Amino acid sequence: MHGKSILLIIGGGIAAYKCLDFIRRARERGAKVRCVLTRAAQEFVTPLSVAVLSEEPAFTELFDLKNETEIGHIRLSREADLIIVAPATANLLAKMAHGIADDLASTVILAGDKPVLAAPAMNWRMWTHPATRRNLAQLAVDGVRFVGPNEGGMACGEWGVGRMAEVDEIISAASAILREDAAARPAHQSGPTLRSKCTGDTAPQDGASSSGALTGRHVLVTAGPTYEPLDPVRFIGNRSSGKQGYAIAAAAARLGARVTLVAGPTALPDPKGVATVHVETARDMFDAVDAALPADIAVFAAAVADWRAAAVEAEKIKKGEDGPPQLRLVENPDILKTVASRGAGRPPLVIGFAAETGNAVALGSKKLASKGADWIVANDVSPERGIFGGDHNEVHVIRRDGVESWPSLSKDDVALRLMRAAAEHVSTSQRNASQREGNL
Ligand code: PMT
């Protein structure tokens with residue numbers, strides 16, 4: 001953080017008090033901190049405390065003649081190395097997702113061209129509301145990074161996910177972004193730059209050139225499991241580790257593609273050079289995929305839960321005297337099938353996976369037809385094969401004109417081979433299409 005300039009946008013939530021400690025701790029680490037307070041934030045912390053701790057004016061008004069002439073809202077955001085939004089309330093996140101600029105805080109965020117780190121804080125019901133999930137998915141696609149929220153007791157007396165991250169966590173997330181940003185920026189570049197819409201480091205991968213078989217293409221990949229909540233603490237999930245999908249995203253980036261990875265809960269670090277959108281449920285994944293389209297190639301490697309609980313209990317389900325509770329399940333949207341059946345806006349190459357415990361080729365071929373995919377990558381995931389969570393995979397690539405069975409390979413090799421084949425397919429299809437047009 002040393003020598004870096006942080007613009008802290010303080011939102012209107014009880015967690016705003018943590019920002020005072022953040023200012024002190026960031027300054028101890030050598031950062032300059034300037035603060036903008038929303039009107040609601042001023043109900044929780046005063047501009048005076050913020051100004052005293054930051055030793056900078058506290059900015060509150062968009063049309064403040066004195067500050068506009070001295071600094072101006074554009075300079076305020078351009079002079080920062082990092083914009084931190086904390087607490088990022090549901091309202092602030094909604095404004096950011098929709099590009100609304102109706103006060104100083106939202107205007108400087110919109111005018112900014114630097115990385116943005118948001119520390120959400122809100123009641124858990126607001127956090128899980130579909131509108132907030134949609135906004136989060138959009139913001140992640142736009143390159144906004146998140147720290148927290150954490151699970152715990154809330155000011156309203158309820159328990160759940162929605163507590164703002166602790167100051168330590170915000171400091172480490174901010175330091176990591178500043179480090180990444182410095183590494184991604186060429187040494188000679190010092191002025192303000194437009195940051196790519198990417199949550200990862202945008203530098204070319206280890207030795208890979210910035211041009212490759214997928215240069216100029218957008219590849220969308222889903223990976224990992226989805227978690228479908230039953231109550232605030234329990235969920236329905238599966239054993240996918242996300243390794244295969246993450247490897248595909250990394251391989252596509254290595255071949256030069258712009259990659260969006262929509263990932264369910266995994267323990268894996270975000271692949272470098274890939275815009276990673278983190279989601280939890282199948283419906284979140286559906287929204288994030290929809291927000292990330294159009295794409296030239298879409299690969300659906302996620303193990304999406306086919307069903308979710310018809311109703312999510314607001315309180316932890318108690319062990320009662322009436323025996324175990326009866327679960328009623330309803331169907332989740334089929335993301336692959338929906339995308340593959342789109343008319344306009346369908347990616348030219350749609351690749352699905354099929355996780356089977358029987359005859360993978362026969363069952364995968366059925367999925368090719370029922371889901372409307374162009375290719376299905378079928379794998380036998382019987383437990384003794386160790387595919388879920390393992391580092392190797394043995395797949396059958398099923399196309400409409402035949403099946404190719406690959407030997408057991410590392411998931412990285414499966415990914416690279418698949419992405420090379422996909423690159424060749426889209427180039428050939430494009431060439432054939434332009435030849436047909438030329439013949440007309
Ligand atoms: O994550 P790893 O531990 O590395 O393991 C890799 C893997 C086994 C998860 C991966 O190789 C794999 O097989 N992924 C697909 C898992 C799956 O859910 O398959 P399925 O046969 O149930 O679904 C068929 C296809 O429809 C898949 O592309 C799936 O992403 C998609 N789908 C399914 C349901 C749904 N509601 N929406 C979907 O998009």
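When a ligand or atom number is given, it counts from 1 through the structure's own listing order. These numbers were taken from a predicted model, which means no experiment stands behind them.
- Within the structure, every pair that satisfies the salt bridge (Lys or Arg N to Asp or Glu O under 4.0 Å) test and touches residues 325-341, not counting sequence neighbours, is listed here: Asp334-Lys371.
- Under the salt bridge (Lys or Arg N to Asp or Glu O under 4.0 Å) criterion, Asp413 pairs with no residue at all, not counting sequence neighbours.
- Polar contact check, Lys371 against ligand 1: a nitrogen or oxygen pair lies under 3.5 Å apart.
- Polar contact check, Ala301 against ligand 1: a nitrogen or oxygen pair lies under 3.5 Å apart.
- Taking atom 8 (C) of ligand 1 as the reference point, the nearest protein heavy-atom neighbour is Val381 CG1, 3.8 Å.
- Under 3.5 Å, the side chains of Ser410 and Asp412 contain no donor-acceptor pair of N or O atoms.
- Between the choices Lys367, Lys243, Lys411, the shortest heavy-atom distance to atom 5 (O) of ligand 1 belongs to Lys411.
- Residue contact check: Gly242 has heavy atoms under 4.0 Å from atoms 1 (O), 2 (P), 3 (O) of ligand 1.
- Protein heavy atom in closest approach to atom 28 (O) of ligand 1: Phe300 O, 2.6 Å.
- For the 3.5 Å distance criterion, the side chains of Asn150 and Arg163 fail to qualify, holding no donor opposite an acceptor.
- Under 4.0 angstrom from ligand 1, there are no non-hydrogen atoms of Val377.
- Among Tyr246, Phe388, Phe353, the residue whose heavy atom lies closest to atom 27 (C) of ligand 1 is Phe353.
- Within the 4.0 Å heavy-atom criterion, neither part of Val395 lies near ligand 1.
- Of the polar atoms of Gly352, none of the N or O atoms is found under 3.5 Å from an N or O of ligand 1, judged by distance alone.
- Protein heavy atom nearest atom 11 (O) of ligand 1, with residue, atom name and distance: Asn379 OD1, 2.6 Å.
- For the residue pair Asp287/Gln138, the side-chain donor-acceptor check at 3.5 Å is not satisfied.
- The shortest N/O to N/O separation between Gly390 and ligand 1 does not fall below 3.5 Å.
- Within ligand 1, the atoms closer than 4.0 Å to a non-hydrogen atom of Ala302 are 15 (C), 16 (C), 17 (C), 18 (O), 29 (C), 30 (O), numbered from 1 in the order shown.
- Compare Gly364, Ala355, Pro333 by their heavy atoms: the one nearest to atom 36 (N) of ligand 1 is in Pro333.
- Considering backbone and side-chain N/O of Ala354, none are found under 3.5 Å from N/O of ligand 1.
- For ligand 1, the atoms closer than 4.0 angstrom to any heavy atom of Asp306 are 34 (C).
- The existence of a salt bridge linking Asp231 and Lys316 is excluded, since no basic side-chain nitrogen approaches an acidic carboxylate oxygen closer than 4.0 Å.
- Residues Lys318 and Glu315 are not paired through a salt bridge, judged by the lack of any N-O separation under 4.0 Å between the basic side chain and the carboxylate.
- Nearest non-hydrogen protein atom to atom 18 (O) of ligand 1 is Ala303 CA, 3.2 Å.
- Of all the heavy atoms in Ala292 and Leu220, the pair that sits closest is CB-CD1, 3.8 Å.
- For ligand 1, one of its N or O atoms has an N or O atom of Ser241 under 3.5 Å away.
- In the vicinity of Asn393, heavy-atom distances shorter than 4.0 Å reach the ligand 1 atoms 11 (O).
- Residue Arg283 qualifies as open at atom CZ: its count of foreign heavy atoms under 6.0 Å is 12 or below.
- Side chain to side chain, Glu228 and Thr226 meet the donor-acceptor criterion of an N or O pair below 3.5 Å.
- Using bins of under 30°, 30° to 60° and over 60° for the plane-to-plane angle, the ring pair Phe235/Tyr227 lands in the parallel bin.
- Closest approach of Ile398 to Val361, counting heavy atoms only: CD1-O, 3.6 Å.
- Looking only at protein heavy atoms, the nearest one to atom 1 (O) of ligand 1 is Ser240 OG, 2.6 Å.
- Considering all non-hydrogen atoms of both residues, Leu368 and Asp374 come closest at CD1-O, 3.5 Å.
- Counting only N and O atoms by type, the side chains of Tyr246 and Thr266 include a donor and acceptor under 3.5 Å apart.
- Taking a 4.0 Å cut-off on heavy atoms, Gly389 registers as neighbouring ligand 1.
- Residue contacts with ligand 1, taken as heavy atom pairs separated by less than 4.0 Å, involve Leu336 via backbone and side-chain atoms alike.
- Of the protein's heavy atoms, Ile335 N, 3.1 Å lies nearest to atom 37 (N) of ligand 1.
- In terms of protein heavy-atom proximity, atom 6 (C) of ligand 1 is nearest to Gln244 CB, 3.7 Å.
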